Novice: 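Structure incoming, see below.
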Amino acid sequence: MVDKYHPARGTRDRNIGLAEKMMDGEMRVVAVNLSESPLATLMRRKGKDGSAMLSPDEFNAGERLRTDFTRGCLMQRVSANWSAAVSGGRRGAHDGAANLTEAALSARMRVERAMAAVGPELSGVLIDVCCFLKGIETVELERQWPARSAKVMLKAALGALARHYGPAPVNKASGIRHWGAEGYRPSI
């Protein structure tokens, strides 16, 4: 999850920026390609009132879905499977869940739970934009939607996804989440 974007120095021709990211309990600065994700483009866009189109929670929810989608090995294969055995058995027989690691299986389960929480009406636009990195215009053309309607659908889908993932951690260092106000102490 990217917390803050900063333009990188010396990258006038490339769309590279620096992002502060929580890794192993500490904030680290990493280089990111700002034009890779359509969500990053929408995050940088401002509305008529000057506010960002996406909230940080919506952006982080979309990026979290993409991370789980990638870790779950759910991307379609675009080249030959050179790891499959040449002789004996079917070539696709080794692509089942038995060869996945526990991390990949749990990532797939998180994607399935997130898509179930969002619902079938909104899950398609999330998969297209967040996971397959299709642009808004491409989604509208493929689905034969009116112009600017994919933005509205994506905003609603990201809102539902952010609600599914829950509130952002209050104390990022410890990852503690709670609904109470600052300084809240529960009574026993």
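None of the values given here were measured: they were computed from a predicted structure.
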Novice: If you look at every heavy atom in Cys130 and Leu65, which pair is closest and at what distance?
Specialist: CB-CD2, 4.2 Å
Novice: Which pairs pass ring pair (Phe, Tyr, Trp, His ring centres under 6.0 Å) with one or both residues in residues 114-145, sequence neighbours excluded?
Specialist: Phe69-Phe132
Novice: Does Arg143 come within less than 4.0 Å of Asp128, counting only side-chain N to carboxylate O?
Specialist: yes
Novice: First locate atom CD of Glu63, then atom CG of Leu161, and finally report the distance between them rounded to the nearest 0.5 Å.
Specialist: 11.0 Å
Novice: What distance do Met53 atom CE and Leu39 atom CG have between them, rounded to the nearest 0.5 Å?
Specialist: 9.5 Å
Novice: Which heavy atom of Val125 sits nearest a heavy atom of Ala157, and at what distance?
Specialist: CG1-CB, 3.9 Å
Novice: How would you list, by chain and number, every residue that makes a side chain to side chain donor-acceptor pair (under 3.5 Å) with Glu142, sequence neighbours excluded?
Specialist: Lys134
Novice: With sequence neighbours left out, what residues match Arg113 under side chain to side chain donor-acceptor pair (under 3.5 Å)?
Specialist: none
Novice: Backbone N or O of Ala162 within a donor-acceptor pair of the Glu58 side chain at under 3.5 Å?
Specialist: no
Novice: Checking Arg66 side chain against Cys131 main chain: does a donor-acceptor pair fall under 3.5 Å?
Specialist: no
Novice: How many angstroms lie between atom OG of Ser149 and atom CD of Glu140, to the nearest 0.5 angstrom?
Specialist: 4.5 Å
Novice: Side chains of Met115 and Leu126: closer than 4.5 Å at any heavy-atom pair?
Specialist: yes
Novice: I'd like to know if the side chain of Arg108 and the backbone of Cys73 have a donor-acceptor N/O pair within less than 3.5 Å.
Specialist: yes
